[in-house]
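Every chain is numbered from 1 and lettered A, B, ... according to where its sequence line falls, protein lines coming before strand lines. Scope of the values below: all heavy atoms of this structure, side chains included, with no hydrogens, waters or symmetry mates.
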Number of protein chains: 2
Amino acid sequence: MEGNKVTIKDVARLAGTSIATVSNVLNGTGRVAEATKQKINRIIEELEFAPSTAARNLRDKRSSLIAVIVPYMETGKLMDNPFYWQLVAGIEEGARSKRLQIILVGVEPDETFSFVRERQIDGLIVIGAIQGSEIMSRIERLSIPVVFVDSYLQNDRLPHISLDDELGGYIGTKHLISLGHRNIVLLSGKLSEKGVNYYRWLGYCRALAEAGIAPREELVLQEPVSALSGYRVAGKIAAQLSEASAVFCLSDVAAIGLLKGLYDLGISVPQQLSVVGFDNSLQASYTIPALTTVHQDIAQKGQRAIKQLIQLMDGEPVEQQHIVLGVELVVRQSSASIQF
Amino acid sequence: MEGNKVTIKDVARLAGTSIATVSNVLNGTGRVAEATKQKINRIIEELEFAPSTAARNLRDKRSSLIAVIVPYMETGKLMDNPFYWQLVAGIEEGARSKRLQIILVGVEPDETFSFVRERQIDGLIVIGAIQGSEIMSRIERLSIPVVFVDSYLQNDRLPHISLDDELGGYIGTKHLISLGHRNIVLLSGKLSEKGVNYYRWLGYCRALAEAGIAPREELVLQEPVSALSGYRVAGKIAAQLSEASAVFCLSDVAAIGLLKGLYDLGISVPQQLSVVGFDNSLQASYTIPALTTVHQDIAQKGQRAIKQLIQLMDGEPVEQQHIVLGVELVVRQSSASIQF
DNA sequence: GCCTCCAAATAAAACGTTTCATCATTAATA
DNA sequence: TATTAATGATGAAACGTTTTATTTGGAGGC
């Protein structure tokens with residue numbers, strides 16, 4: 001309640017100094033006598049004075065706010081894949097340690113970014129932007145520091161953190177091939193948008209080619225990334241793709257749905273069908289059977305993104321514009337040698 | 001690029017009017033001739049003028065920013081339970097439709113909230129605050145609209161959205177009792193903090209009492225809410241609690257871990273042990289066997305929270321200070337009649 | 001032709017900071 | 001003692017809006 005907000009003026013008045021001096025104490029700038037400093041600090045404490053960010057922002061033309069752009073689904077909600085939560089958690093952690101705050105913005109690929117200029121957002125982290133989308137040109141005109149995550153851009157000079165998706169697709173597939181599988185279904189998201197799925201698919205193709213296996217288009221299923229998709233695909237595989245002996249899902253959530261679908265159909269994993277996921281999400285080790293999957297360090301992805309963004313914002317040169325994080329195969333129980 | 005930001009002055013100059021008029025056009029206030037309005041709008045478009053939120057905030061003493069306080073774990077990251085993501089997604093959706101932005105703040109129970117005053121945050125959504133924690137008195141002194149979610153407060157006049165946790169605990173337990181179970185393990189979070197777990201536990205006790213079953217303290221396990229906890233508990237049950245025929249987990253994540261732990265130990269669900277979860281998370285229908293669980297509408301929880309907060313911020317009277325959402329039992333395959 | 005009234009437009013203050021240039025005081029140096 | 005240097009403190013401008021009170025310029029009424 002306390003009526004009106006206490007301002008720097010109140011502090012100055014009570015301390016018997018000028019507001020400039022208070023400001024100096026606040027920011028550790030200029031020279032202030034120790035005694036004065038102490039006195040002012042005491043009064044600040046007493047009054048519970050908190051400097052107005054709005055005034056600072058106006059003065060400094062900065063907001064110490066960074067926006068994280070998360071894609072959203074047709075339902076109007078943020079993507080429900082827990083992957084994003086882990087990513088955001090990583091970002092938030094890094095931001096908090098630098099006393100930055102993040103604003104979370106769900107945004108449709110081609111939506112306007114006016115809020116960035118209006119709010120004088122200091123930096124932007126964009127998750128999952130895709131080549132050629134309107135978003136890119138919009139962002140470039142903003143001329144603020146931006147770090148892309150999991151985005152594929154024609155312009156390689158833009159800072160971004162991504163994964164070696166192609167390699168991920170490759171090692172997942174190769175693993176299955178080395179187990180004797182030749183008819184490997186790929187359960188992917190849309191390939192037309194050249195995003196992460198596309199590159200993982202390239203890796204899949206490379207592994208097949210290397211093994212002398214002709215790629216078959218009907219084995220590549222493009223479905224929304226969700227558990228439900230995986231579940232439904234199980235039926236499709238049983239009905240139309242009985243020759244398949246393995247499925248490589250380009251996300252763990254889809255794999256989880258698939259495992260369940262197969263279970264309901266009485267198809268045993270890995271005896272009758274091997275399943276490999278992608279992400280090594282928190283859930284991956286708790287599926288039955290435990291999911292063999294391509295590991296990525298999601299939290300680190302977020303941390304690297306925020307770290308690079310902060311460097312950019314501080315005007316420090318960034319050592320690497322494009323950071324590609326590694327992938328690693330985690331073999332668990334959902335994949336096995338093909339049975340004859 | 002473009003050098004400096006374009007301000008309302010630039011617009012006024014080019015339109016040959018005063019900035020006051022431009023401001024009026026911007027906000028639809030005052031009277032301004034149609035021709036002038038058109039001209040100004042054209043110029044705004046042309047210049048891509050975006051009014052400075054900082055200046056507005058300073059003027060209006062508002063920020064049109066609401067903060068969502070999410071608890072974080074000892075690791076320094078936001079809680080990794082996907083539950084929070086669904087909740088935040090619901091909040092974000094509601095906020096976006098009102099052109100509000102949310103800032104996501106990970107905060108340790110007793111941390112300072114100075115940023116709220118500094119940023120002149122207009123509203124606050126606090127998730128999972130508990131009675132008696134320092135947080136409460138801090139928040140009250142802020143005197144801004146606050147909506148609590150999943151929080152238990154001594155002060156019932158504070159607006160909050162919660163679940164009928166007691167009932168949830170009751171129906172989950174009752175379900176198991178009706179299946180003939182009498183030795184029901186409760187896998188809970190900490191009960192000393194009187195949060196959601198505490199009230200669910202009360203419901204558990206009530207159901208037991210109603211059935212004339214004496215509560216046994218050693219059946220109530222207080223563990224961190226995580227899949228790993230659930231997994232470990234499986235071992236404990238096998239080793240020390242062989243008389244138990246059912247486990248009621250107060251979160252789906254823990255149930256998922258438990259199912260896996262039991263599977264690894266060769267204990268079949270539901271034949272040897274029934275398992276019931278809580279939340280009906282997205283994963284619940286994909287476990288093997290599918291999880292019987294107490295359903296709550298998480299997204300709605302978030303939406304109601306933001307809706308109520310907006311009402312509060314608009315100064316509208318809120319119909320109900322304390323909204324209690326319903327729970328519902330979803331019976332799937334992880335629970336069954338006790339086998340003799 | 002004078003007065004009143006109304007629409008349209010505006011000047012100026014206020015919001016709460018930071019910082020630059022300046023000033024006062026004391027200490028150090030010649 | 002006179003000059004310079006260093007320290008500590010300050011006044012005032014600037015940041016970009018919104019809003020209140022005021023001004024301007026006609027149009028209508030008499």
Side-chain angles (χ1 to χ4, degrees), chain A residues 2-41 43-44 47-65 114-122, chain B residues 2-41 43-44 47-65 114-122:
Chain A
E2 266 309 333
N4 283 331
K5 198 176 177 329
V6 23
T7 81
I8 198 175
K9 270 186 199 157
D10 301 315
V11 177
R13 188 166 31 78
L14 261 76
T17 75
S18 72
I19 62 170
T21 301
V22 178
S23 176
N24 279 331
V25 171
L26 243 30
N27 303 288
T29 54
R31 320 210 52 86
V32 177
E34 190 54 30
T36 323
K37 189 184 291 185
Q38 302 229 344
K39 182 169 190 181
I40 289 181
N41 276 325
I43 297 191
I44 287 177
L47 263 48
E48 297 193 306
F49 165 69
S52 150
T53 313
R56 280 186 168 163
N57 291 348
L58 181 57
R59 185 39 161 73
D60 300 344
K61 302 166 182 289
R62 320 181 293 100
S63 64
S64 44
L65 221 45
S114 52
F115 73 94
V116 171
R117 279 184 307 142
E118 290 173 6
R119 277 215 188 275
Q120 227 115 252
I121 297 288
D122 291 341
Chain B
E2 267 312 329
N4 282 333
K5 197 176 176 330
V6 24
T7 82
I8 199 175
K9 271 187 197 154
D10 302 315
V11 176
R13 190 167 29 76
L14 262 76
T17 73
S18 73
I19 63 171
T21 302
V22 178
S23 177
N24 280 330
V25 170
L26 241 33
N27 303 288
T29 54
R31 319 210 53 84
V32 36
E34 189 54 31
T36 324
K37 187 184 293 182
Q38 302 231 345
K39 183 170 190 180
I40 290 181
N41 276 325
I43 297 190
I44 286 177
L47 262 50
E48 296 192 307
F49 165 70
S52 151
T53 313
R56 281 186 168 165
N57 290 348
L58 181 57
R59 186 47 169 62
D60 300 345
K61 304 166 180 288
R62 319 180 296 102
S63 65
S64 46
L65 220 46
S114 53
F115 73 94
V116 170
R117 279 182 309 141
E118 288 173 7
R119 277 213 190 276
Q120 227 115 252
I121 297 289
D122 292 340

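- Using a 4.5 Å heavy-atom cutoff, the side chains of B/S52 and B/R59 are not in contact.
- Using modelled atom types, one side-chain atom of B/K5 and one backbone atom of B/A50 make a donor-acceptor pair closer than 3.5 Å.
- Remark: B/S23, B/N27 in residues 21-32 of chain B come within less than 4.0 Å of DNA chain D through at least one heavy atom.
- The side-chain hydrogen bond (donor to acceptor under 3.5 Å, both in side chains) check on B/N27 picks up B/S23, with sequence neighbours excluded.
- Heavy atoms of B/A20 sit under 4.0 angstrom from at least one base atom.
- Legend: residues meeting salt bridge (Lys or Arg N to Asp or Glu O under 4.0 Å) with A/E48, ordered by chain and number and at least two apart, are B/R141.
- When the side-chain contact (heavy atoms from CB on, under 4.5 Å) test is applied to A/L14, the partners found at least two apart in sequence or on another chain are A/I43, A/L47.
- Comparing A/R56 and B/E34 by the nucleotide of DNA chain C that holds the closest heavy atom to each, the one mapping nearer the 5' end is B/E34.
- Annotation for B/N24 and B/G30: closest pair OD1-N, 4.0 Å, computed over non-hydrogen atoms.
- Not one side-chain nitrogen or oxygen of B/S52 sits closer than 4.0 Å to the OP1 or OP2 atom of D/dG16.
- Remark: P of D/dA9 and NZ of A/K37 are 11 Å apart, rounded to the nearest angstrom.
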Sub-3.5 Å pairs of nitrogen or oxygen atoms, protein against nucleotides 23-26 of chain C:
none

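- Checking each of B/I121, B/V116, B/T53 against B/L65 for a side chain to side chain contact (heavy atoms under 4.5 Å, CB included) leaves exactly one that passes, namely B/I121.
- The nearest whole Å value for the distance from the CG atom in A/N57 to the C1' atom in C/dT18 is 12 Å.
- Atom CG of A/N57 and atom CG of B/N57 lie 7.5 Å apart (nearest 0.5 Å).
- Residues B/V32 and B/K37 share a closest heavy-atom pair of CG2-N, 4.1 Å.
- Here the closest non-hydrogen pair linking A/R119 and B/S64 is NH2-O, 2.7 Å.
- What separates CD1 of A/I8 from P of C/dA14 is a distance of 19 Å, to the nearest Å.
- Look at CZ on A/R13: it is 15 Å from P on D/dT10, rounded to the nearest Å.
- Contact detail for B/S63 and B/D122: the closest heavy-atom pair is N-OD1, 3.1 Å.
- One interatomic measurement links the two molecules: CD1 of A/I44 to C1' of C/dG16, which rounds to 14 Å at whole-angstrom precision.
- At a threshold of 4.0 angstrom between heavy atoms, the contacts of B/T53 with the nucleic acid are absent.
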Dump every N/O contact between nucleotides 13-15 of chain D and the protein below 3.5 Å, one line per pair.
| unit_1 | atom_1 | unit_2 | atom_2 | d |
| --- | --- | --- | --- | --- |
| D/dA14 | N3 | A/R59 | NE | 3.4 |
| D/dC15 | O3' | A/K61 | NZ | 3.2 |

